[in-house]
Amino acid sequence: MYKTFYYIIYLLAVILLLPGCSKTKADISEEEIQSQLKPIRYIGSYGRDFNDINELHLASALAIGIPVLKNREEVTKHSGKLIHIQGGTNCDIDELTHSVPYLVPEAAFLLYKIGQNFADSLQSVNAPKYKPIVTSITRTLEDVKKLTKQNINASENSAHSYGTTFDISWMRFNKCEESSVDLNEIQLKMVLANVLRDLQKEGKCYIKHERKQACFHITAR
């Protein structure tokens, strides 16, 4: 009887050690993450949903913004009305070649809200954390002149000149944590678009989907 008992134990041990019959913690974790990742969708059209015309952006910029800055030295004249924007927990600031990182409080809070809602949305679908990248903020007249020479699509009469407007890339995002799951730019754009559409519907901002510049052009209201 004892021989039979030990023989059964031996067979069970052999079966458990066969390839494919045991799983490491890493294997289990990856499978669990993959199965827990919820579907990511955007139901709508970027071009139609985010098509607020420049006149709307300008009207809001004139209402809540600062006077147009001639050059970067003039930023100090309005330091009491502007907030210095730095990369933080939920968004990153790109290398700004034609703008300065300052916004009026309404726009600064809007940017903070976008970053926070984006992080919450990723968490809600069990995705790893990514941060959106701000590619342009407030432009002085000197910045605008330099930009129009390089980019024929840049407007000399832009809401960027009033401290109310910023651009967020829909193509580039920074991953913040190691994970076996990676989201592509299409999925991340859909998450960002859902966040922006909610804020747009709440009357918090005007938004233009820029195809050539691969960004969402956003003005606080």
Side-chain angles (χ1 to χ4, degrees), residues 40-69 78 81-94 96 98-122 124 130-139 143-144 147 153-155 157-173 185 188-221:
I40 298 172
R41 300 184 182 92
Y42 180 77
I43 301 174
S45 165
Y46 300 127
R48 289 195 303 269
D49 298 340
F50 305 108
N51 195 31
D52 292 327
I53 60 176
N54 189 47
E55 285 74 15
L56 290 175
H57 290 262
L58 281 173
S60 185
L62 288 167
I64 66 174
I66 59 171
V68 176
L69 302 173
H78 301 277
K81 300 178 181 178
L82 295 170
I83 294 176
H84 186 206
I85 305 302
Q86 301 180 22
T89 305
N90 294 320
C91 72
D92 283 336
I93 309 300
D94 207 8
L96 303 177
H98 294 89
S99 63
V100 291
Y102 291 89
L103 289 169
V104 297
E106 295 90 338
F109 178 74
L110 174 64
L111 178 56
Y112 164 80
K113 191 68 174 175
I114 291 170
Q116 183 62 56
N117 290 0
F118 184 75
D120 291 344
S121 296
L122 288 175
S124 71
Y130 287 79
K131 290 195 286 187
I133 300 174
V134 181
T135 57
S136 186
I137 308 183
T138 298
R139 299 171 187 164
D143 290 324
V144 172
L147 188 60
N153 295 307
S155 173
N157 192 19
S158 170
H160 276 285
S161 300
Y162 301 89
T164 59
T165 304
F166 50 88
D167 295 341
I168 296 181
S169 174
W170 49 253
M171 181 176 290
R172 295 187 293 124
F173 299 83
E185 65 273 12
L188 290 165
K189 182 180 181 180
M190 288 191 288
V191 174
L192 179 57
N194 282 314
V195 167
L196 293 179
R197 186 166 62 172
D198 287 344
L199 291 169
Q200 184 188 49
K201 288 182 177 179
E202 293 173 11
K204 304 296 185 184
C205 53
Y206 291 117
I207 305 173
K208 175 71 175 177
H209 177 255
E210 302 282 0
R211 295 182 61 187
K212 291 185 178 180
Q213 301 305 312
C215 70
F216 287 107
H217 174 72
I218 305 164
T219 298
R221 296 177 61 178

query = Between I207 and H217, is a side-chain contact (heavy atoms from CB on, under 4.5 Å) present by the stated rule, with each step listed?
reply = CA-CA 6 Å; I207 305 173; H217 174 72; over 6 Å; no
Exercise: identify the closest heavy-atom pair between [X] and [Y]:
X    : Y    : result
A159 : L58  : N-CD2, 3.8 Å
H209 : K189 : NE2-NZ, 3.0 Å
D143 : S99  : OD2-CA, 3.9 Å
T164 : A61  : OG1-CB, 3.3 Å
V195 : S121 : CG2-OG, 3.5 Å
C215 : T135 : CB-OG1, 4.4 Å

| field | Geometric class of the F109/Y112 ring pair [parallel <30°, tilted 30-60°, perpendicular >60°] | value |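 The arrangement is tilted - the two ring planes meet at 30° to 60°.
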For I43, look at atom CD1 and say whether over 12 heavy atoms of other residues, nucleotides or ligands are found less than 6.0 Å away.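 Atom CD1 in I43 is not packed in, count stays at 12 or less.
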Worksheet item: Hey, does the side chain of K131 reach the backbone of G88 with a donor-acceptor pair shorter than 3.5 angstrom?
Response: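 Checking the backbone N and O of G88 against the side chain of K131, a donor-acceptor pair under 3.5 Å is found.
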Do T219 side-chain atoms and Y206 backbone N/O form a donor-acceptor pair below 3.5 Å?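 Not confirmed, T219 side chain does not pair with Y206 backbone.
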Below 4.5 Å, heavy atoms only, C-beta onward: do [X] and [Y] meet side chain to side chain?
X    : Y    : answer
E210 : Y46  : no
L122 : F173 : no
I114 : N90  : no
I168 : L111 : yes
K113 : K204 : no
Q200 : D52  : yes
H78  : Y102 : no
K208 : F50  : no

At what distance, to the nearest 0.5 angstrom, does [atom1] of [X] lie from [atom2] of [Y]?
X    : Y    : atom1 : atom2 : value
L110 : R221 : CG    : CZ    : 11.0 Å
R197 : D49  : CZ    : CG    : 5.0 Å
D94  : L96  : CG    : CG    : 7.0 Å
I66  : L82  : CD1   : CG    : 4.0 Å
I40  : S124 : CD1   : OG    : 8.5 Å

Step-by-step side-chain contact (heavy atoms from CB on, under 4.5 Å) determination, E185 to Y130:
CA-CA 11 Å; E185 65 273 12; Y130 287 79; over 6 Å; no
Under the criterion side-chain contact (heavy atoms from CB on, under 4.5 Å), I'd like the reasoning laid out for N117 against L199: C-alpha separation, chi angles, the key distance, then a yes or no. CA-CA 10 Å; N117 290 0; L199 291 169; 4.1 Å; yes
* Dump the intermediate steps for side-chain contact (heavy atoms from CB on, under 4.5 Å) on I64 and Y162, then the final yes or no. => CA-CA 8 Å; I64 66 174; Y162 301 89; over 6 Å; no
Before accepting this row, confirm whether a basic side-chain N of the pair D167/R139 lies closer than 4.0 Å to the acidic partner's carboxylate O.
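Yes, this pair counts.
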